[in-house]
Amino acid sequence: MRIREIKILFFVIIFFFFIFQQLYSQSKKFVIPPLGKLTNFDKDTWFDINRIRMVVTNRGSYCWDLKTGNGGLEYPKGTGKLAVFAAGLWVFAYVDDTLRCATAEYGFDYGPGIMEDGTFVTDNPDFRVYKVNEGDGKENPDWVHWKNIGVNFGAPVDDAGNPLIIGDQTLWTVFNDANPSLHKKTKPLGIEVQMTIFGININGPMGETVFIKWKIINKGSNYLKNAYIGLWFDPDLGDAFNDLVGCDPEYNLGFCYNAYKDEVYIEKDAVIGVDLLKGVVNKNGDILNMTSFVKYIGGCDPRNSVEALNYSMGKKPNGDSYVDPTTGEVSNFYANGDPVNTVGWLDSAPADRRMILGTGTFEMAPGDTQEIIASIICAEGVDKYDAIFNLRNYYLYCIKPYYDFSNFEYQENIPVPEVKVFEGDREIIISWETNAESYNSAGFKFEGYNVYQLLNPDSTSEKYRKLIASWDIKNDVDVLKEFVEYKKSA
């Protein structure tokens, strides 16, 4: 073969390899889900009240923009940077010793709407995602439909019969798994799910957070035993093939971070976390926390209900347990170490990750209800370690302490004092207003000031700051014990 022909062949091989590589790397970005014959699939409603913009559907899926085939969680909002490609609710249970499941992944076992008489109701346009903002009224068609029609499907209302708006924006929808034609793995469980998504437009960590509540009702005739919940996520934090994951069982937190800076999150690195605020109630009446966390890479998605359940329970797809390589002990919490301090079991070999937070087991007789609550928390930092640091402190300072499961009360925004700075000869004089000193909200009061010198103004983590001085008001409170800040070890 002549040199010229060899070169042509070489470039043809390279060309087709490049095309194959591109098609492979983008393949899941254009997955066409098997939607069946449903006509009222709502895939164009977005949560967008704070710094997160996230699509919500009426088929158990969220974070997947099915109109474009791209990821459906943008962070920060308005930047075009995508942090999650897809997410969905997975429910498993045994019926007469046979495993059944309802999942929302790249296909959906759920259909829009309610159940009646133990089965699904014919699809109709009113089974959509309702979206209302604080202060909305009759000028918003969703507000009107929620009040007049959605209430008949279970949409929550206040004492006046108006849409119950939590925070500054609330989305609500209902779906069920009772249509056997939508199931690909098993027969239906017979569950209806009412999903509420809400958020707060406020500076600080609460403005980086989306809350999700699922009310799961057994409206079928089956007794569901050894049931389990999996919160499934396909995080694509910028570059999908640059991701690592980890979890913190103490905080019921799973998170995804970049192994190295990619071409998306350039100026600031980012991390996305999922926190299980309230798990299921078991047969003893105990509220369970996150009972498992697992990751797997693209191409290793579960092929059947058994593999999906094994993943959700923190195991390998064949049911084998994972062993923590740093302790030699079996663990249902994959990569539960500390990436910031490089301690414990850490994820490695970055790739296109999936992650699942699990909670279970529990039982559901016909008519029983379960309620679980989770939050999606985003954070930025000067690097991945700083971003993880901030994520954990967002949880400690805002999500857990200031959140009430019963009425969703949250702490009001802390007033920011106006600071004046005078630069003198080898001295700096700082003065500020006293408006923060009257703060009293959700059981928290002003106690004093700390003044820090920051190496980087975009970070508050310990390695970028130095405490200069502290002032404490004179009262009987000497030590604050409510919060224990996540710290980087020496």
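Heavy-atom basis, side chains included; hydrogens, waters and symmetry copies ignored.
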Please enumerate all residues that pass side-chain hydrogen bond (donor to acceptor under 3.5 Å, both in side chains) together with [X], with sequence neighbours excluded.
X: Lys215; value: none
X: Asp142; value: Arg128
X: Lys295; value: none
X: Tyr94; value: none

Between [X] (side chain only) and [Y] (backbone N and O only), is there a donor and an acceptor less than 3.5 Å apart?
X: Thr209; Y: Pro205; value: yes
X: Asp352; Y: Ile297; value: no
X: Asp383; Y: Tyr385; value: yes
X: Asp65; Y: Asn70; value: no
X: Thr291; Y: Gly358; value: yes
X: Ser61; Y: Thr57; value: no
X: Ser292; Y: Asn332; value: no
X: Asp158; Y: Gly161; value: yes

Compare every heavy atom of [Y] with every heavy atom of [X], then report the nearest pair and how far apart it is.
X: Pro249; Y: Phe333; answer: CG-CG, 3.7 Å
X: Cys247; Y: Phe255; answer: N-CE2, 3.7 Å
X: Leu99; Y: Thr186; answer: O-CG2, 3.6 Å

[X]: ring pair (Phe, Tyr, Trp, His ring centres under 6.0 Å) partners, not counting sequence neighbours:
X: Trp345; answer: Tyr334
X: Tyr296; answer: Tyr311
X: Phe293; answer: none
X: Trp90; answer: Trp232

Check: [X]/[Y] side-chain N/O donor and acceptor closer than 3.5 Å:
X: Asn162; Y: Lys147; answer: yes
X: Asp48; Y: Gln169; answer: yes
X: Asp234; Y: Tyr106; answer: yes
X: Thr103; Y: Asp109; answer: yes
X: Asn310; Y: Asn318; answer: no

Quick one: [atom1] on [X] to [atom2] on [Y], what's the gap to the nearest 0.5 Å?
X: Ile272; Y: Cys378; atom1: CD1; atom2: SG; value: 4.0 Å
X: Trp46; Y: Ile197; atom1: CH2; atom2: CD1; value: 12.0 Å
X: Met206; Y: Asp168; atom1: CE; atom2: CG; value: 10.0 Å
X: Asp42; Y: Leu171; atom1: CG; atom2: CG; value: 9.0 Å
X: Gln370; Y: Lys278; atom1: CD; atom2: NZ; value: 8.5 Å
X: Leu231; Y: Ile356; atom1: CG; atom2: CD1; value: 9.5 Å

Carboxylate-amine/guanidinium contact [X] [Y], below 4.0 Å:
X: Arg100; Y: Asp177; value: no
X: Asp248; Y: Arg392; value: yes
X: Asp44; Y: Lys67; value: yes
X: Glu74; Y: Lys81; value: no
X: Lys77; Y: Glu208; value: no

Compare all side-chain heavy atoms of [X] with those of [Y] and state whether any distance is below 4.5 angstrom.
X: Asn336; Y: Asp324; result: yes
X: Leu288; Y: Val281; result: no
X: Lys315; Y: Leu309; result: no
X: Pro156; Y: Trp146; result: yes
X: Lys43; Y: Val55; result: no
X: Ile229; Y: Ile216; result: yes
X: Glu380; Y: Pro76; result: yes
X: Ile212; Y: Ile376; result: yes

Give every donor-acceptor pair under 3.5 Å between a side-chain atom in residues 361-368 and any protein atom, sequence neighbours left out.
residue, atom, partner, partner atom, Å
Glu363, OE1, Tyr223, OH, 3.3
Glu363, OE2, Asn226, N, 3.0
Asp368, OD2, Ala365, N, 2.8

### Worked verdict on Tyr228 versus Phe92 for ring-ring contact (aromatic ring centres under 6.0 Å, His included)
CA-CA 5 Å; Tyr228 207 85; Phe92 305 87; 7.4 Å; no
## Note on the structure
Taken in chain and number order and not counting sequence neighbours, the residues that satisfy side chain to side chain contact (heavy atoms under 4.5 Å, CB included) with Val151 are Val157
#### Entry: Any residue meeting side chain to side chain contact (heavy atoms under 4.5 Å, CB included) with Asp239, in chain and number order, not counting sequence neighbours
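Applying side chain to side chain contact (heavy atoms under 4.5 Å, CB included) to Asp239 gives Phe241, Asn242, Asp262.
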### Message
Counting only heavy atoms not in Asp96 (residues, nucleotides, ligands), do more than 12 fall under 6.0 Å from its CG?
### Response
no
### Task
Hey, can you tell me if Phe175 and Tyr110 have their rings parallel, tilted or perpendicular (30° and 60° cut-offs)?
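Because their plane-to-plane angle is over 60°, the rings of Phe175 and Tyr110 count as perpendicular.
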### Task
Measure the acute angle between the ring planes of Phe108 and Phe41, then classify it against the limits of 30° and 60° as parallel, tilted or perpendicular.
perpendicular
### Query
Which of these passes salt bridge (Lys or Arg N to Asp or Glu O under 4.0 Å) with Arg353: Asp301, Asp236, Asp243, Asp347?
Asp347
### Task
Can you sort out the partners of Lys225 under salt bridge (Lys or Arg N to Asp or Glu O under 4.0 Å), two or more places apart, ordered by chain and number?
Asp97
### Query
Within 45° of the six-membered ring axis of Phe233 and under 6.0 Å from that ring's centre, is NZ or CZ of Arg354 located there?
no
### Query
Within 45 degrees of the axis of the six-membered ring of Phe47 and under 6.0 Å from its centre: does Lys131 put its NZ or CZ there?
no
### Message
Walk me through whether Asn390 and Asn393 qualify under side chain to side chain donor-acceptor pair (under 3.5 Å).
### Response
CA-CA 5 Å; Asn390 291 331; Asn393 283 327; 5.4 Å; no
